[in-house]
Structures are given as structure tokens and as C-alpha cells.
Amino acid sequence: MLEASSVAAEESRNLSELSNVDKWPKVVMRLAPFPSGPLHIGNARMVVLNDYYVKRYNGELLLVFDDTIGSAEKVVEPDAFEMIPEGLEYLGVEWHRTVYKSDRLELFYKYAVDLIERNEAYVCDCDAEVWRKEHKAKEKACKCSILSVEDNLARWEKMLDGTYPERGAAVRLRTGMADPDPAMRDHVILRISESEHPRVGTRYRVWPLLEYSWGIDDHELVVTHIIRGKDLVKEGKIEQHIWNIYDWQHPELIYYGRLKFQDAKLSKSKSRREVLEGVYTGWDDPRTWSMQSLEKRGIHPDAVRKAMLDLGLSVVDISISMKTVYSENRKLQDASAPRMFFVEAPVWVELTGLPPEIQEAEAPVHPDFPDRGVRQIPLGRSSDAAVPFVAGISERDLKRLTKGEIFRLKDLANFTLKKGRRPEATFHSVEVDNVRTVGGSIIHWIPRETAVPVEVTMIDGAVVTGHGEPSIKNIESGTFLQFERVGFACVFDVGDPVRVAFAHK
RNA sequence: GCCCCGGUAGUGUAGUCCGGCCCAGCAUCUAGGCCUUUCGAGUCUAAGACCCGGGUUCGAAUCCCGGCCGGGGCACCA
């Protein structure tokens, strides 16, 4: 029930029906992340699309960690087994079962033997580079491919028992040396790796490649629809080759194009390095663009979902801006975000002549919803009218003001800027209209005596220090708020200083 | 070099399969007006696109051919 309504609420205009749904008892899809780190914004499309369709068809979603041994460049990061589900939960993805590729090696071995016995695969001990140049490029089968089934089985045993060293032999699928597409010629499907695996250690030394493991598992797990990036079309073709050998029903293959973000540089390996070296504050550092980091910034998961779903399922490569996500987020959260004053690196201005009876300012919690009440901003000033009240404003605002100009400290009073090397201003009046009629600036500010130190982590990781109005101390951690005229941010630490993560303008 | 895929405003996307309802819709971005004690929200307006060339047709973004441009693959990575 809940699921149906959540899908109904999502924009689906750009997403057509899945094909051949009626040919299967129920729709089953899978999420297949390689556990090298947490999910980042670049993975969100794959995740959201699969989740969306599973919900739309009331199907089943599998989380399958694609944790085969990888390579020197692609290393399994053990923490990812925790961080990926965290990211999924943030996104509101509901999966029904978790599977680890590394638990299924025996299955892949069983089929490997069967494929060899059917003479659909053979063990090749050629040097990889030689094979590429002399055999693949020239469409010439190598000597291994004419070996008998018995010889191949013997070689297979030698792969398993350690007779062959790493790279000493590999199992190739007979996809055909004459295939016009060089990518398809007798592809390797299993190879030797003695790297230690974080889950199964060194129990296995022969590991499947992605296209092979999925050729088997998409069938074994009864996956019906596969939505994935178009960088995997060759893998899809090899899977189909395997399905044809066994005459298995083909799952539907759906590809989407590459997604780039103009304003976010995504690199899991760089993030991993920087997190390890302490350059980044952790996997929730904004520069990782992880789900954790978006959550910390108060980006609503539905903003991410909406932005991803709006892209549809086009196979074209696209480049979008995070601004579309931010725009969605504003729509979702502006109405609920309390307003607050924050001044970065305040310039302190002496204000004279403010009537002594004015001891505090009142500002609405949210201008569109007066019923939510007001924030009290105690000025903490002396009751002696001769002592100036000191307020902090941003340097940017000060620079924009011209001498003699009337301006307003929002929700407090109007002042006139005086000349002088130190910024000073004199009280003009209280009524807003006095500044509005002359088109004067209305700026945000904080009182020096009662302001609270605040640290803002910007999107590029820079930490900006400043002060917030006193009431920020009473805000709960996790609150998504708006610093008036500055932007939206999310509080993640209510200590001293109060720490917030900047979300967007 | 060889295979495959794709090209609608700045960015995305709808329409393309089954040609006319599209002198092309929507979102975002940009500019401006209104509103507002925020540079937010809301609201109104403006600007902005069918890669090029042929062909078929009464009629083409939609079909055909050629070209150009872009992307992906050709790993004992995922």
C-alpha cells in the first residue's frame, strides 16, 4: 500500500512500461554495486531506476554485492558492505534480499565444469598479451582451443589446485573467433587471483568475471529485468550467449547512458585515498558526493530520486548539474526550513542612537507561515543609551553600502551609515517603510554580545567560520534551515561552535 | 584498425515505433516585472531547439539514403 502510493507520487512521464513483464511470474531486478565505497550521486541513477520499477510492478529487488576479487585498481573496501545499505536506506530503496557474489563461487565452478564438458569453454594458458595480438586481432584460434575436453578438465583442476600461477591460465568461453566484433572473441570468464578477499579470505583462487557470473546468476536468481549503464552492453551479449547455451529464458536488458555532473567531480578512488589520509573528514565529506554526505547536507532523498527519474531511460550520455537536485530540494523543503541569521566573518559595526527600550529583535521563524511564531534575538546591549550597540554584518554587505545611505538591519531598525575608517552608523527609524520607500538595503545581522559561533562546511570542503543568532543554540541536530540571504544548510553538531553543512543557495 | 549505439533550446526531457493534433510541450538555467522586512519561496513575462544535405510525401522532428559530430566497447576490472 505504502509502496504503491510512493510510486504513484513520483513523476513517471519519462519512464515507459517495462517490456515482457507478462512473460514472468513477477518482476525481479537487482542492484549490483561493486563494494569499493559508499554509493555516490553517480550511482544514484542505477539504484533509483531499479527501485522505481520494482515498486511500480510490485516486484522484488535483490541487493547483490558484486564482490568478486576485482583487480589491483578495483579493490573491495570492507566498509562498503555497511555503507552501501546505508545509502540505500537514505534513498528509500526497499530491497528484499541481500546476496554476495563471493558466497557463490562453487556455483560458478559447477557451471564452469559443465561448460568445459559441453566444449563451450576451454582453459587457455596463452600469455594474455600474445593472445590479444596474435589470436584475437588476427581472428586465429590458439592451440588451447583445440584441446580435448579431458585435457581441459585436467587444466581446470590445475587452475584450482595451484599448479598454474596467477595469469598462468584462464577459462575462455567459445563465443567465436570469427565474430566481427573483436570484443566478443573467446572472452575470458574465469581467472586466477590469489588476492585475499575481505569476506572469504584465500579460500578461492579462481574467480569469475562479471559477465560470466551474471550470465549464471541472472538466471539462478531469476532476474527478469536488468537496468544498467551502457558500458555493459558487451557483457550483456556474453550473458546472452550463455543463456542460449542452456536455452534459458532471456531477462530483458535495458541500458542507459553515462551520467556526468558538471559541478561534481566523482572519483571513488580519490575519495578513498583522501578519507584514508584524513584530508576528507570521512565518507560523509561533501567532496565524496556519497549518499551519506548528501544526507548530512540535508538534501532530501526525494530530491535525488526526482532528479534521477526525470532523466528517463535514454541511452544517450548526459551531463547535468546538481542545480536540478538543489531546485527539487528547495521545492521539497523551503516551507519547512526555519529561518535564521548567520554572518560569515562579521564586521562589527557600532550603532549609536538606538532607543534604549529596544532590547531585542523579533523575526519570523518562517515568513510564509506567521503562525509558526517568532525568534527572539536579544541584543545584550547596555541599558545606557550612550553605549553603542554593536552588530555584525557581512563584509560584502558593508562594501555595498554607501556612506550616508539608509539601510535596515532586518527585523530591527533602520540606520544611516557614517563616514570613518571604522564602520559606524546612527539610528534612523524603526519603521520598515522608511527604507523600502527609498529602496535601501535590508540586510541580516547578528548582535556581538549574544551571537553564537558557527562553523559552516561548504560543498568544496572549506570550513567557513562566523556567527549565528542566539536561537541557533536551541536547534536540534539534523534540522534543515535557511540562513537568510546566504543559503540552506543542515545542522549536524549543536556544540560550541555549532556546526552545519552547507546544502545550496 | 574493428564492432555497437546515439544526435530536440545552455542543461535535461516529451514527441520519433503507428508522418499531419508540434510554426515543437515540460523542467531547470538565464534576464526582467509583481509580491515579499532574505539574494529563499510564490507569481507573471521574455529569450532559447528538431546536427547537415538529399529523397519519399499534399505534408517529416518523425520514414529512406549519404555525410558530419559525439559516446561506448575491443582487460585474466566492475
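All chains are named by letter (A, B, ...) in the order of the sequence lines, taking the proteins before the strands, and each is independently numbered beginning at 1.
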Partner of [N] by Watson-Crick or G-U wobble geometry, both contacts under 3.5 Å, or none?
{"N": "A75(B)", "value": "none"}
{"N": "G6(B)", "value": "C69(B)"}
{"N": "G42(B)", "value": "C34(B)"}
{"N": "U57(B)", "value": "none"}
{"N": "C26(B)", "value": "G12(B)"}
{"N": "G48(B)", "value": "none"}

N-O pairing of [X] and [Y] below 4.0 Å:
{"X": "Arg174(A)", "Y": "Glu120(A)", "value": "no"}
{"X": "Glu139(A)", "Y": "Arg185(A)", "value": "yes"}
{"X": "Asp181(A)", "Y": "Lys234(A)", "value": "no"}

Would you tabulate the nitrogen or oxygen pairs shorter than 3.5 Å linking the protein to nucleotides 2-8 of chain B?
| unit_1 | atom_1 | unit_2 | atom_2 | d |
| --- | --- | --- | --- | --- |
| C2(B) | O2' | Pro180(A) | O | 2.9 |
| C3(B) | O2' | Asp181(A) | OD2 | 3.1 |

For the ring pair Trp156(A) and Tyr109(A), is the centre-to-centre distance below 6.0 Å?
-> yes
[N] and [M]: how far apart are their [atom1] atoms, nearest whole angstrom?
{"N": "A61(B)", "M": "A9(B)", "atom1": "C1'", "value": "14 Å"}
{"N": "A31(B)", "M": "C74(B)", "atom1": "C1'", "value": "48 Å"}
{"N": "G19(B)", "M": "G73(B)", "atom1": "C1'", "value": "35 Å"}
{"N": "G10(B)", "M": "C29(B)", "atom1": "C1'", "value": "7 Å"}
{"N": "A78(B)", "M": "G40(B)", "atom1": "C1'", "value": "42 Å"}
{"N": "U30(B)", "M": "C68(B)", "atom1": "P", "value": "38 Å"}

Does Arg191(A) have a side-chain nitrogen or oxygen under 4.0 Å from the phosphate oxygens OP1 or OP2 of C77(B)?
-> yes
Thr68(A) side chain near A78(B) phosphate (N/O to OP1/OP2, under 4.0 Å) = yes
Would the base of [N] count as contacting [X] through its side chain, where contact means a donor and an acceptor less than 3.5 Å apart?
{"X": "Glu235(A)", "N": "A78(B)", "result": "yes"}
{"X": "Arg339(A)", "N": "G40(B)", "result": "yes"}
{"X": "Arg408(A)", "N": "U37(B)", "result": "yes"}
{"X": "Asp411(A)", "N": "U37(B)", "result": "yes"}
{"X": "Gln482(A)", "N": "U38(B)", "result": "yes"}
{"X": "Asp368(A)", "N": "G40(B)", "result": "yes"}

For Lys323(A) and for Glu166(A), find the nucleotide of RNA chain B with the closest heavy atom, then tell me which residue's nucleotide is more 5'.
-> Lys323(A)
Nearest-nucleotide comparison on RNA chain B, the residue closer to the 5′ end among Ser327(A) and Gly70(A) | Ser327(A)
May I ask you to list the residues of residues 128-140 of chain A, by number, that have any heavy atom positioned under 4.0 Å from an atom of RNA chain B?
-> Ala128(A), Arg132(A), Lys136(A)
Sequence neighbours excluded, the answer for ring-ring contact (aromatic ring centres under 6.0 Å, His included) partners of His467(A) is Trp348(A)
Please name all residues satisfying ring-ring contact (aromatic ring centres under 6.0 Å, His included) with Phe483(A), sequence neighbours left out, ordered by chain then number.
-> Phe342(A)
Under 3.5 Å, which donor-acceptor pairs link side chains of residues 31-43 of chain A to any protein atom two or more places apart or in another chain?
| unit_1 | atom_1 | unit_2 | atom_2 | d |
| --- | --- | --- | --- | --- |
| His40(A) | ND1 | Gly42(A) | N | 2.9 |
| Asn43(A) | OD1 | His40(A) | N | 2.9 |
| Asn43(A) | OD1 | Lys268(A) | NZ | 3.2 |

Only one of Lys505(A), Arg339(A), His366(A) passes side chain to side chain donor-acceptor pair (under 3.5 Å) with Gln482(A), and that residue is Arg339(A)
Indicate whether the side chain of Ser102(A) and that of Arg199(A) have a donor and an acceptor atom separated by less than 3.5 Å.
-> yes
Partner set under salt bridge (Lys or Arg N to Asp or Glu O under 4.0 Å) for Asp411(A), not counting sequence neighbours | none
For atom CG of Asp231(A) and atom C1' of A78(B), their distance in whole Å = 9 Å
